[in-house]
Amino acid sequence: MSSLRKLIPDYLWLDAPGAARALVGKVLVRRLPDGTELRARITQTEAYLGEADTACHAHHGRTKRTEVLYHRAGTLYVYLCYGMYWMLNIVTGAEEDPQAVLIRGVEGAEGPGKLTKALGITGELNGTELGGALSIEDDGAKPEIVCAPRVGIGYASEDDQRRLWRFMAK
DNA sequence: AAAGTGATCATG
DNA sequence: ATGATCACTTTG
């Protein structure tokens, strides 16, 4: 068992909806440059499933921005939205298949822009992998999960807008 | 309801 | 080079 396996949980190789469901209830561990650790349990996630998903940034193919989505599961995809808010995603699924899970909320910071601010996550982490500045811990919590449509994807096809790919702790 | 904010990508 | 478009949040 390589050390990589400890850092990158098996469920991240699932397709994004399965990985997104598994990530709810896990604990995000942020190690700051000065060594301090911040912890927060994930409460809400969303799945973005490859080039066929019109809501996924990789829908228009590989570009400089979407490049990291094609990398290995466990890679971080962090980008700036609306000029102000960093969005944290974790790449999932098979390598070369551009899928990711958006972390939409953690306990104490509900909202994708708020949690990155609370945990000090910026574009510097884009393209890095779990196990460094950011890790995932499983403390055994098994929250009850509810599904809902994804948020903020009015540009996607109606079919894709309807998919229940948002997962949250009840 | 609408502003605030800047990278990114498709145009030309 | 310019312009549209944002996986949002806060304020009124």
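By convention in this document, chain letters (A, B, ...) are assigned in the order of the sequence lines, proteins followed by strands, and residues within each chain are numbered from 1.
Here dC8(C) presents its C1' atom at 17 Å from CZ of Arg150(A), a figure rounded to the nearest Å. Atom C1' of nucleotide dT5(C) and atom OH of Tyr79(A) are separated by 12 Å, given to the nearest angstrom. Look at CD on Glu67(A): it is 14 Å from P on dT8(B), rounded to the nearest Å. The distance between atom CG of Leu115(A) and atom P of dA7(C), rounded to the nearest whole Å, is 17 Å. Rounding to whole angstrom units, CD of residue Gln44(A) and P of dC8(C) are separated by 11 Å. One atom, CG of Leu23(A), and another, P of dA7(C), lie 20 Å apart when rounded to the nearest Å. Atom pair Trp86(A):CH2 and dA7(B):C1' shows a separation of 8 Å (rounding to whole Å applied). At whole-Å resolution of the value, CZ in Arg62(A) and P in dT8(B) are 17 Å apart.
Residue Tyr155(A) places at least one side-chain N or O under 4.0 Å from the OP1 or OP2 atom of dA7(C).
Here Tyr77(A) and His71(A) keep their ring centres 6.0 angstrom or further from each other.
Surrounding CD of Gln161(A) are more than 12 heavy atoms belonging to other residues, nucleotides or ligands, all under 6.0 Å away.
Base-pair partner of dT5(B): not found among the strands shown (Watson-Crick or G-U wobble, both distances under 3.5 Å). Partner assigned to dA1(C) is dT11(B), using Watson-Crick or G-U wobble distances below 3.5 angstrom.
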- request: I would like to know whether Asp34(A) and Thr36(A) meet side chain to side chain donor-acceptor pair (under 3.5 Å); could you show each step before the answer?
  value: CA-CA 6 Å; Asp34(A) 70 3; Thr36(A) 62; 3.0 Å; yes
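Residue Tyr82(A) and nucleotide dG6(B) are not classified as a stacked aromatic pair, given the requirement of ring centres less than 5.5 Å apart at an interplanar angle below 30°. Here Tyr85(A) does not lie in a stacked arrangement on the base of dC8(C), lacking the combination of planes under 30° and ring centres under 5.5 Å apart.
Contact of His57(A) with dA7(C) (side chain to base): a donor-acceptor pair of N or O atoms is detected under 3.5 Å.
Taking a 4.0 Å limit (strictly below) on heavy-atom distances, residues 92-104 of chain A does not reach DNA chain B anywhere.
Within the 4.0 angstrom heavy-atom criterion, base atoms lie near Met84(A).
Which of dT9(C), dT5(B), dT8(B) sits closest to the side chain of Pro112(A) comes down to dT9(C). The Lys64(A) side chain lies nearest to dC9(B) when the options are dA7(C), dG6(B), dC9(B).
Relative to the six-membered ring of Tyr11(A), Lys26(A) meets both conditions, a distance below 6.0 Å and an angle of at most 45° to the axis.
Among all heavy-atom pairs drawn from Gly74(A) and Leu12(A), the shortest one is CA-CD1, 4.0 Å.
Side-chain atoms of Arg31(A) and Ser135(A) form a donor-acceptor pair, as typed in the model, at a separation below 3.5 Å.
Base orientation of dA4(C): anti, since the glycosidic angle falls outside 90° of 0.
Each of Tyr70(A), Tyr79(A), Tyr48(A) was scored for a ring pair (Phe, Tyr, Trp, His ring centres under 6.0 Å) with His57(A), with one residue passing: Tyr79(A).
Using modelled atom types, no side-chain atom of Glu129(A) and backbone atom of Leu76(A) make a donor-acceptor pair closer than 3.5 Å.
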